[in-house]
Amino acid sequence: MTSTIFLTVALVATAIFLIQFIVSIFFGEIDTDVDMDADIGSVISFKGLTHFCIGMGWYMYITQGTDISSYVAGILVGLVFVFVLWFLYKKAWQLQKENKPEKPEALLGRECTIYAHDGDRYIVQIAVNGALREMDVRSLENRKYQTGDRAAIVKVESGIMYIQ
């Protein structure tokens with residue numbers, strides 16, 4: 001009797017998972033579960049419950065255990081399924097973030113560090129799109145900078161950036 005209950009739970013949860021999987025492939029634009037924060041709400045969800053039932057249901061059906069240690073092990077296997085699911089969704093969410101290029105005008109006022117200089121041209125390190133980049137700039141008012149000095153982008157004109 002107990003194994004029939006767990007087989008039913010495992011089959012129903014697996015069927016729900018397969019339906020969700022097929023729907024997400026063919027109708028990927030339909031988004032029903034958007035919460036991807038690292039809070040308890042992203043762990044406890046319908047998908048989380050489905051995966052818990054898959055893990056625990058199949059474990060309990062395969063082992064045919066009826067003692068308390070089998071139930072504890074089944075619950076642990078179900079929780080492992082939930083946290084693996086949460087971890088994979090978290091990584092997929094990170095991959096999904098789009099890197100939108102910043103226009104030079106967006107760099108106005110941003111601090112940079114002088115990396116090298118060659119006459120009136122300076123090479124600076126500046127954070128662009130979340131990464132440290134090297135860019136060519138020129139000094140406004142012909143001010144002289146040393147390597148390691150900090151400056152700020154103050155003007156962008158015809159694609160040339162100026163620091164001060």
Requested in this report: Could you walk me through whether Thr147 and His117 pass the side chain to side chain contact (heavy atoms under 4.5 Å, CB included) test, one step at a time?
Outcome: CA-CA 7 Å; Thr147 302; His117 59 89; 4.0 Å; yes
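Taking OH from Tyr61 and CG from Leu11, the interatomic distance works out to 8.5 Å, rounded to the nearest 0.5 Å. Considering CH2 of Trp86 and NE2 of His51, their distance stands at 15.0 Å, rounded to 0.5 Å. Put simply, CE on Met161 and CD1 on Ile126 are 6.5 Å apart, with the number rounded to the nearest 0.5 Å. The structure places CE of Met135 at 12.5 Å from CD of Gln125, a figure rounded to the nearest 0.5 Å. Taken from NZ in Lys90 to CG in Leu88, the straight-line distance is 12.0 Å, to the nearest 0.5 Å.
The side-chain heavy atoms of Lys155 and Leu140, taken from C-beta on, include a pair separated by under 4.5 Å. No side-chain heavy atom of Trp58 sits less than 4.5 Å from a side-chain heavy atom of Val77. Inter-residue side-chain proximity for Arg138 and Ile163 is flagged as unmet; no heavy-atom pair is nearer than 4.5 Å. Contact of the Met56 side chain with the Ile75 side chain is registered, since non-hydrogen atoms from C-beta on lie closer than 4.5 Å. Val128 places a side-chain heavy atom less than 4.5 Å from the side chain of Leu107.
Among all heavy-atom pairs drawn from Ile153 and Cys112, the shortest one is CD1-SG, 4.2 Å. Smallest separation of non-hydrogen atoms from Thr66 and Tyr71: O-CE1, 3.4 Å. Listed here is the closest heavy atom pair of Thr50 and Ala13: CG2-O, 3.3 Å.
Hydrophobic clustering (side-chain heavy atoms under 4.5 Å, transitive across Ile, Leu, Val, Met, Phe, Trp, Tyr) groups Leu108 together with Val137. In the hydrophobic clustering of this structure, Ile123 does not group with Val156; members are Ile, Leu, Val, Met, Phe, Trp, Tyr whose side-chain heavy atoms approach within less than 4.5 Å, directly or through other members. Cluster annotation: Ile114 and Val154 are assigned to distinct hydrophobic clusters (Ile/Leu/Val/Met/Phe/Trp/Tyr, side-chain heavy-atom contacts under 4.5 Å, transitive).
Residue Gln64 places its CD atom among more than 12 non-hydrogen atoms of other residues, nucleotides or ligands, all under 6.0 Å distant. Heavy-atom neighbours of Tyr59 OH from other residues, nucleotides or ligands within 6.0 Å: above the threshold of 12. Other residues, nucleotides and ligands contribute at most 12 non-hydrogen atoms within 6.0 Å of the OH atom of Tyr115.
No salt bridge links Glu105 with Lys103; every basic N to acidic carboxylate O contact stays at or beyond 4.0 Å.
Aromatic rings of Phe81 and Phe52 (six-membered ring for Trp) have centroids beyond the 6.0 Å cut-off, not under it.
Proximity of a side-chain donor or acceptor of Tyr122 to a complementary backbone N or O of Ser139 within less than 3.5 Å is not detected.
For Ser70, the side-chain hydrogen bond (donor to acceptor under 3.5 Å, both in side chains) partners are Asp67, not counting sequence neighbours. Residues meeting the side-chain hydrogen bond (donor to acceptor under 3.5 Å, both in side chains) test with Thr8, sequence neighbours left out: none.
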